[in-house]
Amino acid sequence: MEKFILLITSFILIACNGEKKKENKSVSIFISNSNYNCDLEKGIFKIPAINFVDTLHLNSDEKNKILNAFYKYHIDTLNGDKHVAPEKPIMPDFSDEIKISIAHQEKLRLKISSQLENSNLNKVQRDIFEFRNQLYDVLNKNSGFKKCMNIVKSNYKNFPPGL
């Protein structure tokens, strides 16, 4: 009986140690829409229409929250171009495009409508939607991003609600 318990305990320990850990590869995120471009890896925020450029600094906690959302919503499993939009969009649609590169190779482009509601989405679309929301939750608490967004809002009359 003792050998059986030892065998079971050993099996559990080996199974736990054998779990796949997320590879800590360099994940780069670039956000763009009709109003601005934001390169989170380089820390550059641009508003092309008014030739505005500023730097953006994310602390390690903010970077970790973004990376955790990246894995929590399974964005690491997606490839190519993914479009998430309502069935009947109202024009104009202010879409965000989020480009994701891993180890300096572009892996994914997410095109996400500003008119989305979480209720009519499938699992992949909902994960993309929630990732975008969590990304903006982190960024909107960053003082540098807030400052840049205030400049965007003061220069555009037709800025999408909620941002």
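These numbers come from a predicted model, not from an experiment. Residue numbers count from 1 along this sequence.
Within the 4.5 Å cutoff, no side-chain heavy atoms of Asp127 are placed close to those of Leu78. Ile75 places none of its side-chain heavy atoms less than 4.5 Å from the side chain of Ile98. Contact annotation: the side chain of Asp96 approaches that of Tyr136 to within less than 4.5 Å [non-hydrogen atoms, C-beta and beyond]. Looking at heavy atoms from C-beta onward, Leu139 lies in side-chain contact with Leu40 at the 4.5 angstrom threshold.
Of the inter-residue distances, the one linking His83 atom NE2 with Glu97 atom CD reads 8.0 Å to the nearest 0.5 angstrom. Note that NE2 of His74 and CZ of Arg126 are 12.0 Å apart. Values are rounded to the nearest 0.5 Å. Going from atom CG of Asn133 over to atom CG of Asn140 covers 10.5 Å, rounded to the nearest 0.5 Å. With values rounded to the nearest 0.5 angstrom, Arg132 atom CZ is found 10.5 Å from Asp137 atom CG. Once rounded to the nearest 0.5 Å, the distance linking CG of Asn68 with OH of Tyr73 reads 11.0 Å.
Under a hydrophobic clustering in which Ile, Leu, Val, Met, Phe, Trp and Tyr are joined whenever their side-chain heavy atoms come within less than 4.5 Å, directly or via other members, Val27 and Phe30 fall into different clusters.
For Asp54, the salt bridge (Lys or Arg N to Asp or Glu O under 4.0 Å) test picks out Lys147, with sequence neighbours left out. With sequence neighbours excluded, the residues satisfying salt bridge (Lys or Arg N to Asp or Glu O under 4.0 Å) with Asp61 are Lys65. Every residue meeting the ring pair (Phe, Tyr, Trp, His ring centres under 6.0 Å) condition with Phe45, not counting sequence neighbours, appears here in chain and number order: Tyr36, Phe145.
In this structure, Ser95 and Asn33 approach most closely via the heavy-atom pair O-CB, 3.1 Å. The heavy-atom pair separating Gly144 from Leu56 by the smallest distance is C-CD1, 3.6 Å. Ser113 approaches Ala85 most closely through the heavy-atom pair CB-CA, 3.8 Å. Nearest heavy atoms, Ile47 versus Cys148: CD1-O, 4.2 Å.
Counting side-chain heavy-atom gaps under 4.5 Å among Ile, Leu, Val, Met, Phe, Trp and Tyr, the cluster of Val53 also holds Ile44.
Applying the salt bridge (Lys or Arg N to Asp or Glu O under 4.0 Å) definition to pairs two or more places apart or across chains, none involves residues 36-48.
In this structure a side-chain-to-backbone donor-acceptor pair under 3.5 Å is present from Glu62 to Asn59.
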For residues 100-112, tabulate all N or O donor-acceptor pairs below 3.5 Å that involve a side-chain atom, not counting sequence neighbours.
{"unit_1": "Glu106", "atom_1": "OE2", "unit_2": "Arg109", "atom_2": "NE", "d": "2.6"}
{"unit_1": "Glu106", "atom_1": "OE2", "unit_2": "Arg109", "atom_2": "NH2", "d": "3.4"}
{"unit_1": "Lys107", "atom_1": "NZ", "unit_2": "Asp76", "atom_2": "O", "d": "2.3"}

